[in-house]
Number of protein chains: 2
Amino acid sequence: MATIADVAREAGVARSTVSAVLNGRKLVMPETRKRVEDAIAKLDYSVNAGARALATSRTMTIGVVVHFHRAEFTPALATYLVALSDAATGHGYSVTLLTDADGPGAVRRAVAARRVDGLVLLDVVENDPRLEPIVGTGFPAVMIGMPHDARGIDAVDLDFAAGAGLLVDHLARAGHRRATFVRWPDELYAAGGTHALRFAEAARDRAAARGMSLDEVACPVGPERVRALLAERLRRAGAPDALLVHNDAAAAMLPFALHDAGLRVPQDRSVVSLHSAELARLYALPFTSVESEPDAVVHDAVELLLRRIGAPDERPVARLVTPRLVRRESVATRR
Amino acid sequence: MATIADVAREAGVARSTVSAVLNGRKLVMPETRKRVEDAIAKLDYSVNAGARALATSRTMTIGVVVHFHRAEFTPALATYLVALSDAATGHGYSVTLLTDADGPGAVRRAVAARRVDGLVLLDVVENDPRLEPIVGTGFPAVMIGMPHDARGIDAVDLDFAAGAGLLVDHLARAGHRRATFVRWPDELYAAGGTHALRFAEAARDRAAARGMSLDEVACPVGPERVRALLAERLRRAGAPDALLVHNDAAAAMLPFALHDAGLRVPQDRSVVSLHSAELARLYALPFTSVESEPDAVVHDAVELLLRRIGAPDERPVARLVTPRLVRRESVATRR
DNA sequence: CTGAAAGCGCTTACAG
DNA sequence: CTGAAAGCGCTTACAG
């Protein structure tokens, strides 16, 4: 493998001159530059990333910290990882995966070994143990998720409250005065799933403001149980003819539960939902909905992180991604 | 951040002695070792991974190359990525993500910049363009997937032929003489999805050997279309009362198609399937099946890759992971 | 505008 | 068993 010394020799210049044309720092005579570029091409030279990192104290890599529970069951994770890698590559950064059964250990080791210039933490929840190693250190990091106390760390997330507002408004404008709010199980709210809390609070507030009443159903985990529960609720006499859904498992099973109950959308039931974009694709969900915005969220996260790497001492930032309503004709107008 | 020089000073020894206790290469007097270890603890010292990499020419990181098409639609990808990262971490390696809309570009750059010691290529297909940058270079790599021509690169995959054998045998032993073989669309076989080919060929051979006849149905893409097609085939007069499935979309929709057709499993239809483990969990599939073995496949891939990094010149290896039959009472005995 | 020198934080022969 | 020195492949002041 050719080194910068080989290139310098081939071009008949000093190594520092090669370095100068490599990273465009200094002005180099066009003719000299040409000689260097020819030598680089001839020798098929590439900068050794590790050597550059040692000299600059910049690894040009970011670590993405996957929540250890997340690995279990998550069609969305890959989308975020690939999007992160693409976004980072666009800025000349690499992405290294930080996973660990033991949670904060992977973060601590990566930071200590100076393997990464910054961190992206996926799916941050309240009191997330992965924050421990970096809180107070000023190490550049950005959370995807929005815990109540950001502890001085930058954060990006979809604006779940605004999403709830869009969906409730959509039902209200269609004339619905009552809706079943199919939501996550209570444990999730208790465990600090802040997106769930933000959605639920906003949904209740907006519904109240709109004079709409909400029947809440906390859905369990597991496709079969969800399907059975939903079918039972749908069949109940006097059930509202609109559904507001914030629960991926429920959204996925809802078409089948509706089928089980012999109900058509939108003729018999209007449905709106907030769920992950991957879920919508995987199950071809036919509902008017607000979807997660992995590309936008990741784009902002990388942008914030790189800014933070460049300016570690600026005030922490929280950024909410504006949700969009995707219309799919699952809401009928009521008189 | 403390350096090895700080530790040496603190312990009153030479840097090389610190290095020796760090990587246990040389014998160090117990008392000296203790002084060094105390200094390390006191200064909270960690080796700078980049500096070590420069000195040893070993980055201790492996690149995982994600097929650019895969990002689109794949609940299984995250499982493989997390499993890879866990397995690599267990051997002291990091994992960096190599994605690129332009396919081989990411591989070429990572190798040229000496960012990685080796590569894991996920979901390799026939004539995979990601192989181009490394074929013939001897750069350590292992494919997950088993193209017809391995081009000198190590490969690991589930033994799809053996999986087909297990499933056909299971139906045959239960007395079935005919089955509908629900398979992938023709395009997939044409495009070089070698797992599909290996399964199909083995299924036909084994069925013939068992005196079982197979009605083949190539399933299209898209949940709704799959569901409709399956329901139609299931209702047909004289349709076989057993199904052999190798198509994830079809497996996912089959419970619903059976429901649409008013058929019960196993009373009306026996079903066996080979599909991804993630799919089985996500949809709670109730079929006796052979599932992908992400943990075993990834374990073997990492093992082969590390061996290859240590011995670049040994002959290429192909390893098949033995499939297991998971019984779920979806097959009834016929007389 | 160009080049010689020092340094980034390690490891590894090689003397002692 | 321990230590001084050279080197890994870069970048960056600093002279010229």
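In what follows, chains carry the letters A, B, and so on, assigned in the order in which the sequence lines appear, proteins first and then strands, with residues in each chain numbered from 1.
Side chains of A:Arg115 and B:Ser94: a donor on one and an acceptor on the other come within 3.5 Å.
Salt bridge present: B:Arg319 and B:Glu303 bring a charged side-chain N and a carboxylate O closer than 4.0 Å. Using a 4.0 Å cut-off between a side-chain N of Lys or Arg and a carboxylate O of Asp or Glu, A:Arg9 and A:Asp6 qualify as a salt bridge.
Note that CZ of B:Phe139 and CZ of B:Arg114 are 10.0 Å apart. Values are rounded to the nearest 0.5 Å.
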Dot-bracket notation for DNA chain D, counting Watson-Crick and G-U pairs under 3.5 Å, with | for partners on another strand: |||.||||||||.|||

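A straight line from CD1 of B:Ile4 to P of C:dC8 spans 14 Å, rounded to a whole angstrom. Going from atom NZ of A:Lys34 over to atom P of C:dT2 covers 15 Å, rounded to whole Å. The interatomic distance linking B:Leu22 (CG) with C:dT11 (C1') rounds to 11 Å, in whole Å. Look at CG on A:Asp6: it is 9 Å from P on D:dG9, rounded to the nearest Å. Regarding A:Arg15, its CZ atom lies at a distance of 14 Å from the P atom of C:dG7, rounded to whole Å. Between the CE atom of A:Met1 and the P atom of D:dG7 there is a distance of 22 Å, given to the nearest Å. If you take CG of B:Asn23 and P of C:dG9, they are 18 Å apart, rounded to a whole angstrom. The distance from atom OH of A:Tyr45 to atom C1' of D:dC10 is 7 Å, rounded to the nearest whole Å.
Note on B:Thr17: every side-chain N or O is 4.0 Å or more away from OP1 and OP2 of D:dT2.
Annotation for B:Arg130 and B:Leu122: closest pair NH2-O, 2.8 Å, computed over non-hydrogen atoms.
Among the atoms of the strands shown, base atoms are found under 4.0 Å from some heavy atom of A:Ser16.
Applying a 4.0 Å cut-off to non-hydrogen atoms, the residues of residues 48-60 of chain B that approach DNA chain D are B:Leu54, B:Ala55, listed by residue number.
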